[in-house]
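Remarks on the structure that follows.
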Amino acid sequence: MEKLQEENPTKRKLGLFDAVMLVMGSMIGSGIFIVSADIMRNLGSGYWLIVVWLITGVMTVAAAISYGELSSMFPKAGGQYTYLKEIFGKMMGFLYGWGLFTVIQTGTIAAVAVAFGKFTAYLIPALNDAAPIFQSGGYKITWIQILAIGVILLLTYVNTKGVEGGKILQNLFTGSKIVALIGLIILGFILVKSNFWSENMKFGWDAFNNLKTDASGNFLKSGWESISGMTIMGGVAAAMVGSVFSSVAWENVTFVSGEIENPKKNIVRSMVLGTSAVMILYLLVNFIYLNTLNRDGIAFAVNDRVAVGASEQIFGSGIGTIVMAVLVMISTFGCINGLVLAGSRVFQTMAKDGMFFKAALENNKNGVPEKSLWMQGIWACVLCLSGQYGNLLDMISFVIVLFYMITVFGVIYLRLKKPDLERPYKIWLYPITPIIYLLIGSAFCILLLMYKQQYTWPGLIIVLLGVPVYLFINRKAA
C-alpha cells in the first residue's frame with residue numbers, strides 16, 4: 001500500500017475553527033428536533049430516552065477518535081472513500097462512494113432541504129395550503145419540494161464560487177444555530193411553567209412502547225405496553241435509527257482534507273471537538289424535552305415535531321412556533337451547505353481514480369469542483385421530487401453504521417498488517433476505543449437484522465447494486 005502524499009498546501013483555506021464548524025454544521029440538521037418522538041414511542045421512559053442518546057454519543061465520539069488516526073495517515077481529499085480504498089481495495093472504496101452518491105449524501109441533502117421547506121411553511125402557511133403543482137395517484141409535487149430544490153440549487157451555486165463563500169455561510173449559520181440551541185436549553189429551564197421531569201423519570205428502567213396506529217397511520221395515544229428482555233434491546237436498536245442518523249455526517253470534514261490547514265492535526269481535532277460538543281448539546285436538548293413535555297407530549301408531538309411542542313411550552317403557542325421554525329430553518333440551511341460543500345470532493349476524488357464521471361475531475365477558475373457540485377445537486381433535487389428520500393434514509397442508517405464499522409476495523413487491521421507506517425496521530429486508549437465502537441455498532445446492526453429488517457435489507461441492496469456497476473467500470477482491466 002502506497003503512502004499518500006499531502007496535496008498542495010497553497011490551496012488550503014480552511015482552519016481549525018472552520019473545520020469544527022463544518023463538523024457541527026453537518027451534524028445538526030432537523031433530526032434533533034424530531035426523532036425523540038420515535039425514541040419515546042419505542043421505549044416509553046425518560047431514562048431510556050437519555051440512554052439512547054448516551055449510547056449514540058459514545059459511538060459517535062469513539063468513531064471520530066478512531067477516524068483521527070486514518071486522517072493523519074491519509075491527509076487527502078476524499079476522506080472515508082480514500083481510507084476504505086487504501087485499506088481494503090478499490091471495490092470497497094467504490095461501494096462506499098456509490099452509496100454516498102446514490103443516497104447517503106444526496107438523500108440527506110434532499111431530506112434536510114425538505115425539512116427546511118416544511119418549517120418555512122410554519123411562517124408562510126400558504127406553502128402548506130397551496131394545491132399540489134402536480135398530482136398523479138399518491139405521487140405529488142408540492143411547493144415545499146420546489147422550495148427545497150431552490151435551496152439546494154442556491155447553495156450549490158454559492159459553493160461553485162469558491163471555498164471562501166461556502167466557509168463564510170457555514171460559520172455564520174452553524175454559529176447561529178449553536179447560540180440558538182444554547183439559548184433554548186437555558187430558557188427551557190428558566191421559563192417553563194409546568195415541569196414534567198419527575199413524571200417522565202418515574203418509570204425508572206421500566207420500558208414501554210406504543211406503536212399502534214389507526215387506519216390512517218396516525219399513532220394512538222392510548223395503550224402503552226410494558227416490554228422487557230430482548231424486546232427492550234430491539235426497541236433500543238429501532239430507537240437508535242433516528243438518533244444515529246441525527247449524529248452522522250461528522251466525517252464530511254475528512255472529505256475536504258485537501259483544503260484544510262495542517263490536516264494531519266486539524267482534522268482529528270475538529271472531529272473530536274465537533275462531535276463531543278454536538279452530542280452534549282443533543283443530550284441537553286433532550287433534557288429540555290423531558291422538562292417541558294410529558295411522555296405523551298414527546299411521543300405524539302404533531303408530525304413528531306417535539307421541539308415545537310417544547311418551544312410552545314417555553315414561549316407560548318404563537319411565539320414558540322415561530323421561534324422554533326426560525327431555529328430549524330437556520331439549522332437545516334447550514335446543514336445543507338456543509339453537506340453540499342463536502343460531498344462533491346469525494347466524487348471528484350473518485351473521478352481521479354476512474355470511478356466516477358470524468359467531468360467531475362475539473363476544478364473551475366475558483367478552485368472548486370464545479371461539475372461535481374452540480375452532479376450532486378441535481379441528483380439531490382431528483383430525490384426531492386421522488387418523495388422517497390425519507391424512506392431511503394430510514395433504510396440507510398444500517399449501511400452508514402456498517403461502513404463506519406468497516407472503517408474503524410481498518411484502523412486495527414492496519415496496526416496489525418502495517419505496523420511501521422507513519423502515524424502522526426494515534427488513537428487514544430487503543431485498542432479500547434475502536435473496540436467500543438465495533439461492539440456497539442455490531443449490537444445495533446444485529447438487533448436491527450433480528451427485529452427491524454425493514455431498516456436493513458433495502459439499504460444493503462442499494463449498496464450491493466454498486467457491485468455490477470464497479471465490474472462494468474473495471475471490465476477493461478479484467
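Not measured: the values here are computed from a predicted model.
When atom types are taken as modelled, the side chain of N291 and the backbone of F287 share no donor-acceptor pair closer than 3.5 angstrom. Formation of a donor-acceptor pair under 3.5 Å by the S311 side chain with backbone atoms of G320 is found in this model. The backbone N or O of S243 sits nowhere less than 3.5 Å from a side-chain atom of W53 that would complete a donor-acceptor pair. Checking side-chain atoms of R295 against main-chain N and O of G44 turns up a donor-acceptor pair under 3.5 Å. The main-chain N or O of T160 is found under 3.5 Å from a side-chain atom of N364 such that the two form a donor-acceptor pair. Judged purely by atom type and a 3.5 angstrom limit, Y282 has no side-chain atom pairing as donor or acceptor with the backbone of T56. Judged by distance alone, the side chain of Q376 and the main-chain N or O of W374 form no donor-acceptor pair under 3.5 Å. Remark: the backbone N or O of A301 is not paired with any side-chain donor or acceptor of R305 at under 3.5 angstrom.
Scanning for ring pair (Phe, Tyr, Trp, His ring centres under 6.0 Å) contacts around F94 gives Y470, with sequence neighbours left out. Evaluation of the ring pair (Phe, Tyr, Trp, His ring centres under 6.0 Å) rule for F444 yields no partner, not counting sequence neighbours. Residues satisfying the side-chain contact (heavy atoms from CB on, under 4.5 Å) test with A207, not counting sequence neighbours, are W48, I227, I232. When the ring pair (Phe, Tyr, Trp, His ring centres under 6.0 Å) test is applied to Y47, the partners found at least two apart in sequence or on another chain are W205. Contacts of Y437 classified as ring pair (Phe, Tyr, Trp, His ring centres under 6.0 Å), with partners at least two apart in sequence or in another chain: none. Every residue meeting the side-chain contact (heavy atoms from CB on, under 4.5 Å) condition with T292, not counting sequence neighbours, appears here in chain and number order: V192, I288, A310, Q313, I314.
Within the structure, the side-chain hydrogen bond (donor to acceptor under 3.5 Å, both in side chains) test picks out the following pairs touching residues 317-338 (sequence neighbours left out): N159-N337, Q170-N337, E312-T321. Residue pairs meeting the salt bridge (Lys or Arg N to Asp or Glu O under 4.0 Å) criterion with at least one member in residues 36-53, sequence neighbours excluded: D38-R41, R41-D304. Contacts classified as salt bridge (Lys or Arg N to Asp or Glu O under 4.0 Å) and involving residues 357-379 (residues at least two apart or in different chains) are given here: E362-K371. Listed by first and then second residue, the salt bridge (Lys or Arg N to Asp or Glu O under 4.0 Å) pairs involving residues 161-187 are D18-K167, E164-K167 (not counting sequence neighbours). For residues 130-144, the side-chain hydrogen bond (donor to acceptor under 3.5 Å, both in side chains) pairs, not counting sequence neighbours, are T142-Q145.
Taken from CD1 in I32 to CG in L281, the straight-line distance is 9.0 Å, to the nearest 0.5 Å. Annotation: the span from T156 atom OG1 to I109 atom CD1 amounts to 7.0 Å, rounded to 0.5 Å. With rounding to the nearest 0.5 Å, the separation of CG in L211 from CH2 in W224 is 8.0 Å. A distance of 5.5 Å separates CG of L123 from CE of M329, quoted to the nearest 0.5 Å. The structure places CD1 of I298 at 7.5 Å from OG of S36, a figure rounded to the nearest 0.5 Å.
Between Y67 and Y83, the ring planes are perpendicular. Angles over 60° get that label, and only those under 30° would be called parallel. Taking the six-membered ring for Trp and thresholds of 30 and 60 degrees, F208 and F203 have ring planes more than 60 degrees apart, a perpendicular arrangement. Ring geometry for F356 against F347 counts as parallel: the plane angle stays under 30°, on a 0 to 90° scale with 60° as the upper cut.
Other residues, nucleotides and ligands contribute over 12 non-hydrogen atoms within 6.0 Å of the CD1 atom of I133.
Counting all heavy atoms, side chain and backbone alike, S372 lies closest to S344 at OG-O, 2.7 Å. The two atoms that bring V401 and C445 nearest to each other are CG1-SG, 3.9 Å, heavy atoms only. Of all the heavy atoms in P369 and A360, the pair that sits closest is CB-O, 4.3 Å. Across every non-hydrogen atom of A121 and I144, the tightest pair is CB-CD1, 4.1 Å. Smallest separation of non-hydrogen atoms from V368 and G162: CG1-CA, 3.8 Å. When all heavy atoms of L383 and T106 are compared, the pair lying nearest together is CD1-OG1, 3.6 Å.
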- Under the side-chain hydrogen bond (donor to acceptor under 3.5 Å, both in side chains) rule, what do N209 and N42 come out as? Steps first, then yes or no, please. CA-CA 5 Å; N209 69 30; N42 273 282; 5.9 Å; no

For residues 446-464, which side-chain donor-acceptor pairs fall under 3.5 Å, sequence neighbours excluded?
| from | atom 1 | to | atom 2 | distance (Å) |
| --- | --- | --- | --- | --- |
| Q453 | NE2 | L449 | O | 2.9 |
| T456 | OG1 | Q453 | O | 2.8 |

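Ring centroids of F189 and W197 are separated by 6.0 Å or more, keeping the two rings apart.
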